[in-house]
Structure formats: C-alpha cells, structure tokens
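A quick write-up on the structure given underneath.
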Amino acid sequence: MIIILRSGVTEAQIDHVIERVEELGLTAHLSRGTYRTVIGVIGEEEIIRNAPLEAIPGVAQVIPVLPAFKLASLDAHPQPSVIDVAGVKVGGGSLALIAGPCAVESHERMRDIARVIRQGGANMLRGGAFKPRTSPYSFQGLGEEGLKILREVGDEFALPVVTEVMDPRRVELVAQYADMLQIGARNMQNFVLLSEVGGTRKPVLLKRGMSSTVKDLLMSAEYILSQGNPNVILCERGVKGFDPDVRNLFDVAAVPAVKTLSHLPIIVDPSHATGRPELIPACALAGIAAGADGVHVEVHTCPEEALSDGQQALLPEQFLELAAQIRKIASVLNKKISQPEGATA
Ligand code: PEP
Ligand code: MN
C-alpha cells in the first residue's frame, strides 16, 4: 500500500500518519520527493486494507498494491484455472458451449432443444427453472418440476446441466439437480447467495451484473472462492447501455480485461448481451476471438411459443451454423469444445 500525502502537508501531519500506521502494527517507509511525499506501508494485507488511512489529515490518496480479490487474482494462481463441470473442462484451451432455452417449459420441448444442441456439439444444457423476471406477472419458471425435467433430459443426452438459483434457501435444492449453479446478473451482488453457493463444491456460473465493473465481478467471485469453492466460471452478458436497438452493451473488452487480472475462466453470453438473433453469432465469435473460454446462448425450436426471452432465441439451424463457426475459430486458436465424458458426438 502506498500513501500519497497532500502537497503542503505539515511535519506534524506526516508524524501523525506514521504514528497511526505504526499503531496498526504496520511498518512505514517515508520517501520525500521534490513535490510530494509518499509513505510505503508494509504489513498484514487485511489490516492495511481495512484501515481508513484516507481519513487521516494530510493524506491525499491511498493506493493498494495487491488486488482485494486475492483468491481470484493471478497473484494467487498464475496459470488459468480449468473448471470441471461433470466431466466437461472449461478454461485453459477447453471451451464451454452452453445452450438451451431461457426457461424450462416442458419435457418434450426440452428434449427437442437438447437434441439440436447436442447435434451442434454443445457440451452443456441450460434452462431456467426459477426465472428472475422484471414483472411479477410474467412466467416465473416451473420450479422443482423444471429442475427434474432439466436433469432427466441432460442425462438422456449426456449433457451436464446449468440452471439459475435465485434464493439462498434453494441452493441445496437446485444443487441436487444441477451440475453448475448459475448466479444471474441481477444477483451478482447478492452476497448471502454468493456465500451460500460458495459453501457447496458445485461449479458456479457467475454472470456480470448489468451495472457492475469487471472488478466488481471479480469481488463477487471472491465471495464464492473465499467460502472454499474454487469452481467459478465468469460470464460477460452485457452491461446497461444507452441504445435501445440492443438489449445491453456487449462488453467484449471485459474478456481480455479479466484475463489480465484473474485465472478464472470467462465465457460470453451474446444472447442477453444483444437480445437479437441477428447480432448473436457475430458477438459469440468476437468473444471467442477475444479469448473467452466459451459461449452461452439461448436456443429454442419455436421461439414464438417461448415462455421467456423468445425474441432472442436462436433457431436450430442458426445454432448449428454458429457452432460450426465457433469450432473454426477455436481451431485457429488451438482450442476445442470439450465433450462430456461418455458422449459420442
Ligand atoms: C438467463 O440466463 O436466462 C438470465 C436471466 O440471464 P441474466 O442473469 O444474464 O439476465
Ligand atoms: Mn434468458
């Protein structure tokens, strides 16, 4: 930690800053420049971080040297983490291709969609059983019935399943059915929920909040990691923009930005990022080209009958074409869509 003192700071103020630092059990190294005086602080990282040093008179700025997301940071783990989702590897050259409807709607519909995505080489099946809807009058999901359908269809097609958990009280229930727990954008900073999924050892797909910075996303990942669950996959799903022509603003730079800070895999979700099928393939490919560890897209066999997010669902043929294109870009980058154990496709 480096403390930069104000210009014109008095000798008495400098002495006071050093005194406060030493009272905390830390060591202060004073360095006087021509224009500014700085104090380097060495000691227990947590004490330094929690001390309100900026409040001491004469202090202009306090600059931390280490990131606060220490477990998520490259300092903790310089190599990319590879997360195993029921036999599917994500990270370090292995790509996730997660696809499925926004919501689980029925057993038959889920089977039709799973067949298509399996044919396209997807390695995980998604579908929400608990849906975070803006309106309380919109379809809220099938609940446990939806979880059962997702599990059965995932097993039938040898695809690990991903589904959202919105409520800390339901983590245990959802974890009984899911191979990966999704934390939605609206819950990225639901710290009780993050701690609860951190208490399981299930992989967690953590979506970026729509007004959250990359560092906020990493701090939320830290909540999960700090509870002992190392299996976190980040997801860029677009942030609030100003242009009504796109649902959100796809922040593709977040992908390489995360890579400079963290070992955790990050995938992209161009479905929620753009909200428009005609924009989704290009953004999916841009994400992979930018270094993403996978793609998450919504697919439906009959979008006009979908109970949620039908307007952004890819049709089967659109998904199949996109999957083939992803494979081409992946091979250029020496990456591959890892296949679930026991699958033949
Ligand atoms: C979803 O995946 O269907 C979803 C609701 O995503 P997000 O939390 O990114 O809006
Ligand atoms: Mn959706």
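Counting convention: from 1, in listed order, for ligands and their atoms alike. Because only heavy atoms are used, hydrogens play no part in the values below, and waters and symmetry mates are left out as well, while side chains stay in.
Taking the N/O/S atoms of E298 in turn, the shortest distance to the Mn ion (ligand 2) belongs to OE2. Among the heteroatoms counted here (N, O or S) of H272, NE2 is the one nearest to the Mn ion (ligand 2).
The pair D75-K70 does not count as a salt bridge, with every side-chain nitrogen at least 4.0 angstrom from each carboxylate oxygen. The pair D112-R115 meets the salt-bridge criterion, with a side-chain N (NZ, NE, NH1 or NH2) lying under 4.0 Å from an Asp/Glu carboxylate O. The pair R49-E45 meets the salt-bridge criterion, with a side-chain N (NZ, NE, NH1 or NH2) lying under 4.0 Å from an Asp/Glu carboxylate O. Salt bridge status for D293 with K89: absent, with no side-chain N to carboxylate O gap under 4.0 Å.
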- Item | side-chain hydrogen bond (donor to acceptor under 3.5 Å, both in side chains) evaluation trace for D309 with H300 | CA-CA 10 Å; D309 280 352; H300 203 284; over 6 Å; no
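Here the rule is side chain to side chain contact (heavy atoms under 4.5 Å, CB included) with L5, and of I39, V38, I56 only I39 fits it.
Judged purely by distance below 3.5 Å, without hydrogens or angles, the side chains of Q312 and R247 pair a donor atom with an acceptor atom.
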Provide, line by line, the atom pairs where ligand 1 and the protein bring an N/O atom each to a distance under 3.5 Å; else say none.
from     : atom 1 : to   : atom 2 : distance (Å)
ligand 1 : 2 (O)  : R126 : NH1    : 2.6
ligand 1 : 2 (O)  : Q182 : NE2    : 2.9
ligand 1 : 2 (O)  : K207 : NZ     : 3.1
ligand 1 : 3 (O)  : R126 : NH2    : 3.0
ligand 1 : 3 (O)  : K131 : NZ     : 2.9
ligand 1 : 3 (O)  : H272 : NE2    : 3.2
ligand 1 : 3 (O)  : E298 : OE2    : 3.2
ligand 1 : 6 (O)  : K207 : NZ     : 3.0
ligand 1 : 8 (O)  : A185 : N      : 2.7
ligand 1 : 9 (O)  : K207 : NZ     : 2.9
ligand 1 : 9 (O)  : R237 : NE     : 2.7
ligand 1 : 10 (O) : R186 : NH1    : 2.9
ligand 1 : 10 (O) : R237 : NH2    : 2.8

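Between the SG atom of C102 and the OD2 atom of D309, the angle centred on the Mn ion (ligand 2) amounts to 90° when rounded to 10°.
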